[in-house]
Amino acid sequence: MSKQDAAKKLIVDDLDYVISDKVIYSKASMEVNEGEIRGVLGPNGAGKTTFFDIICSLRNADRGIIKNDFLNQVYLSQTIMTPPVLRMGDISRLALSFISPKRPSKQVFLDRLNSWAPEVSNRFSEIWSKKSAICSYGEKRWFFTLTLLASESDLIILDEPTAGVDPEFRHYIWKCLSAAAKEGRAILVSSHNVNEVADNCDVFYMIYGHRFNIFNSSEEFMSCHEADSLDRAFINAATMTSN
Amino acid sequence: MMNSVMSLFRICGIFIKEQFKEPIQVFWIMLSPCLLFYFHAYGNGLLEMNYLEVSSWYYSYVAASVALFGFSFYIVGRRESGFIRSFVYTRKAKLLFLGAQFVSYLLVALVYFSAFYLATASLFDGYNLDEYFFLLIRFSLCFLFFCSFGIALSLLPLNFQNANTIISISLFSMIGLAFTGHLSGSEYLQIANHANPFQYAVEIMRSKTSAFSQYSLYVIPLYMASNVMGVMMFRVNPVWSRY
């Protein structure tokens, strides 16, 4: 068996999903391989979160095949409010206790983050000891994202992890995503920021026509949608969806 | 299995820490019944009455409050915060979550119970280990009884505020109905109290061994059935979300 064959994959094939008479997916296919970051773009309501829910069995597809080789996946939803009286470290331990049987250690996280982005480990350590009530939304968002990245999971699904996060920490999130992927994790991430997805993902999909349309580069995306900017290409693709 | 038990203890530790960091809960469930008991005892000459007769109302209130405002309300809270959607959606995680939620609030309830006993028993015949365990076992059964309703409540599509309102109104109505039935002896109120869980809790607290065994035969299967229902119909998505 070659190394290529042994690589873990998430394969979604011929997916159909209709909700309240609205077709979300029709014969949609995509895949995620270990060691890769794959992005998902789409206008509001296109079905990004719905797709992640289907992968995590939070809802059932009407038809299609989902083959998931990953044994330990995590999913960060768009919205999480945290118990105000607890410290972020406790919340992190709480969340990870449902995902992994191993006791989450702060030092293990710090060592891992230090090897990925040394700039962020001190800040992570500060937030770890901070009460959730006094953390900003953005701080909680990047803290959770990095916590999940540094966990033992092999497939990490992130629904708009950079929403509400300042540019500095958006940069560190992508730096850590890239490092985690290099260590073999598979990452599936959605965002409304076309530039960051095009710049940082190995491959990205734009949802239109009820399918995942694959793009390998920003140039390919712009050229396909006859646009001179990524935002314009996104708008053109989104217009195709609404039409 | 061992790993799951360790995860359960870890989660319980964090849930218990959260509960004791909520001063309002401690005030309403522990301090306020103690103070009310003192006022009643000194104001109405209750000291000449039997401790079990008088305290059964208070112990029932503590069991109901922890089961409904702690165990059940925090399930709704964790769901509405998006925490469950992100981390508690597999069957194993649901079992772990409900198990940890139950064990944590049982321990919290037992701490409140013990604090109430220590604060009030000395006003009557002093502390007695046999009496303490007699009450403890009955209190635990009352807690199981109210948790059964608590699980059912957590399955309803209620948001945080509505759950709070429904629990407050339910608890107030149950206590009011039981107490007025006790004072007036009205036949209608007696009939209405046949459907009042609080009335049964007071009777469980006062029950002798044979009656207690009979109550156990109803309450334990009720609790187990509600748990099965809780896992099977567990509500993952917050009510406010479009999912």
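More than 12 heavy atoms of other residues, nucleotides or ligands lie within 6.0 Å of CZ in B:F134, so this atom counts as buried by the packing criterion. Heavy atoms from other residues, nucleotides or ligands lying under 6.0 Å from OH of B:Y38 number more than 12. For B:M229, the CE atom counts as densely surrounded, since its 6.0 Å shell holds more than 12 non-hydrogen atoms of other residues, nucleotides or ligands. More than 12 heavy atoms of other residues, nucleotides or ligands lie within 6.0 Å of OH in A:Y137, so this atom counts as buried by the packing criterion. Annotation for B:L217: atom CG counts as buried by contact number, over 12 foreign heavy atoms lying within 6.0 Å.
Of all residues spanning residues 91-106 of chain B, those with a heavy atom less than 4.5 Å away from chain A's heavy atoms are B:A93, B:L96, B:F97, arranged by number.
When each of B:V236, B:I14, B:T90 is scored by its heavy-atom pairs under 4.5 Å with chain A, the top score falls to B:I14. When the candidates B:G77, B:G13, B:S4, B:S81 are compared by the number of heavy-atom contacts under 4.5 Å with chain A, B:S81 comes out ahead.
At a 4.5 Å heavy-atom cutoff, the contact between A:L148 and chain B is made by side-chain atoms alone.
Here the CZ-CG distance, from B:F15 to A:L86, works out to 9.5 Å after rounding to the nearest 0.5 Å. Expressed to the nearest 0.5 Å, how far NZ of B:K17 lies from CZ of A:R87 amounts to 7.5 Å. Distance CZ/A:F144 to CZ/B:F87: 5.0 Å, rounded to 0.5 Å. We find the CG-CZ distance between B:N237 and A:R59 to be 7.0 Å, quoted to the nearest 0.5 Å. In this structure, CG on A:L94 lies 6.5 Å from CZ on B:R78, to the nearest 0.5 angstrom. Summarising the geometry, atom CG belonging to A:L96 is positioned 10.5 Å from atom CD1 belonging to B:I11; distances are rounded to the nearest 0.5 Å.
Taking each heavy atom of B:K21 and A:K131 in turn, the nearest pair found is NZ-CE, 4.4 Å.
Residues A:D53 and B:R85 meet the side-chain proximity criterion, which asks for heavy atoms closer than 4.5 Å.
Here the side chain of A:S97 pairs no donor or acceptor atom with the backbone of B:S7 at under 3.5 angstrom.
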